[in-house]
Visitor: 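Okay, handing you the structure first.
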Amino acid sequence: MTGKASLKTIGVSLAFTAMIAIGMLNNPTQVRANGEGSDEGEKARVLRGFAIAPVRLNLHNKDRNLVGLGSYWVNAAMDCNGCHSSGPANEYILPTGNPYFLSPPFSGKQEINPATYLGGGRDFGPFPGDPFPSIPHLYSRNLTPDQTGRPAGGLTYEQFRDVLRQGTDFDHIHPRCNTGPGDPENCLVAPFDGDLLQVMPWPVYQNLTEHDLRAIYEYLKAVPCNPGPNIEGAPYLQNTCD
């Protein structure tokens, strides 16, 4: 009797397992719902990206899904504006839109300042600091599109990918020092590589998928051109919008 009962229990378990497996095969959406790259997960990120975009987007000739997904990465996950605005003092609309303020004056709804959004100019200098000889200023770059419609100073997608994958500085703002009398004030001493972007966390961003990089690039093409801050000695932050 014991053996028959055990066989019966095993049979019921196998049948139940088979029913679940068939149900999952007939409804693959549920199987993928929480999986990486699932349609539902990406659709939710696209919708969230459009909901949180702090500026009016130009969707003409743009891939709408990529723009929404790119906004999600730029605004919800990577906090690009945290570094690529001119600093905490004017990142938000003051005083009602700053979430770090007491309420009041904070209105309960954070409001990104469109006048500084992704326009660059935050100063991370002196860099790199003691014990190394330091450059006085290291400014974050303007990520908005220029008159070509391409972001970050007119970068092609291939160049943009190299920036995030390899840290390539196509502007060569801080060249390598030769440790001679002719070195410019803004050169970087060894072991720091002046051909690479410093401070920017590209060693982390290089792990993004190609699809995500495409989405970020598409979003940056869709944001309004920001003329950038007028900072003495940093004309590369200025953007030609027309």
Visitor: Salt bridge check, R64 against E218: does any charged N sit closer than 4.0 Å to a carboxylate O?
Guide: no

Visitor: Centre-to-centre under 6.0 Å for F132 and F192, is that the case here?
Guide: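 Here the rings of F192 and F132 have centres that are less than 6.0 Å from each other.
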
Visitor: Determine the interplanar angle of the Y217 and F160 rings, folded into 0 to 90°, and report it as parallel if under 30°, tilted if 30 to 60°, perpendicular if over 60°.
Guide: tilted

Visitor: Supply the atom-to-atom distance S71 OG to I216 CD1, rounded to the nearest 0.5 angstrom.
Guide: 11.0 Å

Visitor: Where do R176 and D195 land on the side-chain contact (heavy atoms from CB on, under 4.5 Å) test, with the steps shown first?
Guide: CA-CA 7 Å; R176 299 178 188 177; D195 292 332; 3.0 Å; yes

Visitor: Check whether any side-chain heavy atom of R48 lies under 4.5 Å from a side-chain heavy atom of K43, and answer yes or no.
Guide: no

Visitor: List the steps, then state whether side-chain contact (heavy atoms from CB on, under 4.5 Å) holds for R122 with S86.
Guide: CA-CA 4 Å; R122 184 166 184 176; S86 55; 5.8 Å; no

Visitor: Under 3.5 Å, side chain of S140 to main-chain N/O of C83, donor-acceptor pair present?
Guide: yes

Visitor: Less than 4.5 Å apart, side chain to side chain, heavy atoms only: is that true for E42 and L69?
Guide: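 Yes, at least one pair of side-chain atoms sits under 4.5 Å.
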
Visitor: Quick check for you: to the nearest 0.5 Å, what is the distance between I93 atom CD1 and N98 atom CG?
Guide: 11.0 Å

Visitor: Side-chain heavy atoms nearer than 4.5 Å, only ILVMFWY residues, links allowed to pass through others: does that put F170 and Y205 together?
Guide: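 Shared cluster, yes.
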
Visitor: Say you draw a straight line from CZ of F124 to CD of Q198; how long is it, rounded to the nearest 0.5 Å?
Guide: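 Going from CZ on F124 over to CD on Q198, the span is 12.5 Å.
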
Visitor: Distance check, rounded to the nearest 0.5 Å: N65 atom CG versus H211 atom NE2?
Guide: 8.0 Å

Visitor: Does a donor on one side chain and an acceptor on the other come within less than 3.5 Å for N75 and Y219?
Guide: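 A pair is found: one side chain offers a donor N or O, the other an acceptor, under 3.5 Å apart.
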
Visitor: Could you check if a side-chain atom of Y236 sits within less than 4.5 angstrom of a side-chain atom of R141, using non-hydrogen atoms only?
Guide: yes

Visitor: Return the minimal non-hydrogen interatomic distance between N81 and L118, and the atom names on each side.
Guide: OD1-N, 2.9 Å

Visitor: Using only atom types and a distance under 3.5 Å, with no angle test, would you say the side chain of D169 pairs donor to acceptor with the backbone of L197?
Guide: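 A pair under 3.5 Å: no.
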
Visitor: Which atom names give the shortest non-hydrogen contact between Q147 and D242, and what distance separates them?
Guide: CB-O, 3.7 Å

Visitor: Answer whether the closest heavy-atom distance between the side chains of P229 and L237 falls below 4.5 Å.
Guide: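 With C-beta onward as the side chain, the pair touches.
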
Visitor: Is there a donor-acceptor pair under 3.5 Å between the side chain of K109 and the backbone N or O of S107?
Guide: no

Visitor: Take D193 and L188 through the side-chain contact (heavy atoms from CB on, under 4.5 Å) test and state the conclusion after the steps.
Guide: CA-CA 7 Å; D193 188 346; L188 282 173; over 6 Å; no

Visitor: Short question: side chain of N226, backbone of A115 - any donor-acceptor pair under 3.5 Å?
Guide: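 Yes, N226 side chain to A115 backbone: donor-acceptor pair under 3.5 Å.
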
Visitor: Using every non-hydrogen atom in the two residues, find where S134 and G129 come nearest and quote the distance to one decimal.
Guide: OG-N, 2.7 Å

Visitor: Using the rule that Ile, Leu, Val, Met, Phe, Trp and Tyr join whenever any side-chain heavy atoms are under 4.5 Å apart, tell me whether M78 and L66 fall into a single cluster.
Guide: no

Visitor: Any side-chain heavy-atom pair from Q110 and Y92 closer than 4.5 angstrom?
Guide: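 When only atoms from C-beta onward are counted, Y92 and Q110 do touch, with a gap below 4.5 Å.
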
Visitor: Report yes or no: does N90 contribute a side-chain atom to a donor-acceptor pair with the main-chain N or O of T116 at less than 3.5 Å?
Guide: no

Visitor: Any chance you could measure T144, atom OG1, to Y117, atom OH, to the nearest 0.5 Å?
Guide: 10.5 Å

Visitor: Counting C-beta onward and ignoring hydrogens, is there a side-chain heavy-atom pair between I231 and Q238 closer than 4.5 Å?
Guide: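 SC-SC contact between I231 and Q238 ruled out.
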
Visitor: Report yes or no: do W202 and W73 belong to one cluster of Ile/Leu/Val/Met/Phe/Trp/Tyr joined by side chain heavy-atom distances under 4.5 Å?
Guide: yes

Visitor: For G154 and T148, work out which heavy atoms get closest and say how close.
Guide: CA-OG1, 3.8 Å

Visitor: State, to 0.1 Å, how close V163 and M200 come at their nearest heavy-atom pair, and which atoms those are.
Guide: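 Smallest interatomic distance, heavy atoms only, reads CG1-CE, 4.2 Å.
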
Visitor: What about V74 and L47, same hydrophobic cluster or not, with Ile/Leu/Val/Met/Phe/Trp/Tyr joined at side-chain heavy-atom distances under 4.5 Å?
Guide: no

Visitor: Would you mind checking if R214 and D63 are paired as a salt bridge, meaning a charged N to carboxylate O distance below 4.0 Å?
Guide: no

Visitor: Can you confirm whether more than 12 heavy atoms, excluding those of E185, are under 6.0 Å from its CD atom?
Guide: no

Visitor: What class does the angle between the rings of Y139 and H137 fall in, given that below 30° is parallel, 30 to 60° is tilted and above 60° is perpendicular?
Guide: parallel

Visitor: Using every non-hydrogen atom in the two residues, find where V223 and P145 come nearest and quote the distance to one decimal.
Guide: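 That would be O-CG, 3.3 Å.
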
Visitor: Please determine whether residues V204 and L164 belong to a single hydrophobic cluster, defined as Ile, Leu, Val, Met, Phe, Trp and Tyr linked transitively by side-chain heavy-atom distances below 4.5 Å.
Guide: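 Yes, V204 and L164 fall within the same hydrophobic cluster.
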
Visitor: Decide, yes or no, whether a salt bridge links D212 with R45 under the criterion of side-chain N to carboxylate O below 4.0 Å.
Guide: no

Visitor: Could you tell me whether a side-chain N or O of Q159 sits under 3.5 Å from a main-chain N or O of T156, the two making a donor and an acceptor?
Guide: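 A pair under 3.5 Å: yes.
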
Visitor: Taking the side chain as C-beta and beyond, is there a heavy-atom pair between C241 and P227 under 4.5 Å?
Guide: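 Contact flag for C241/P227 side chains = yes.
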
Visitor: More than 12 foreign heavy atoms under 6.0 Å from CZ of R150: is that the case here?
Guide: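 Counting neighbours around CZ of R150, more than 12 heavy atoms of other residues, nucleotides or ligands fall under 6.0 Å, so yes.
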
Visitor: To the nearest 0.5 Å, tell me how far L155 CG sits from D171 CG.
Guide: 7.5 Å

Visitor: Less than 4.5 Å apart, any side-chain heavy atom of V199 and any of L138?
Guide: yes

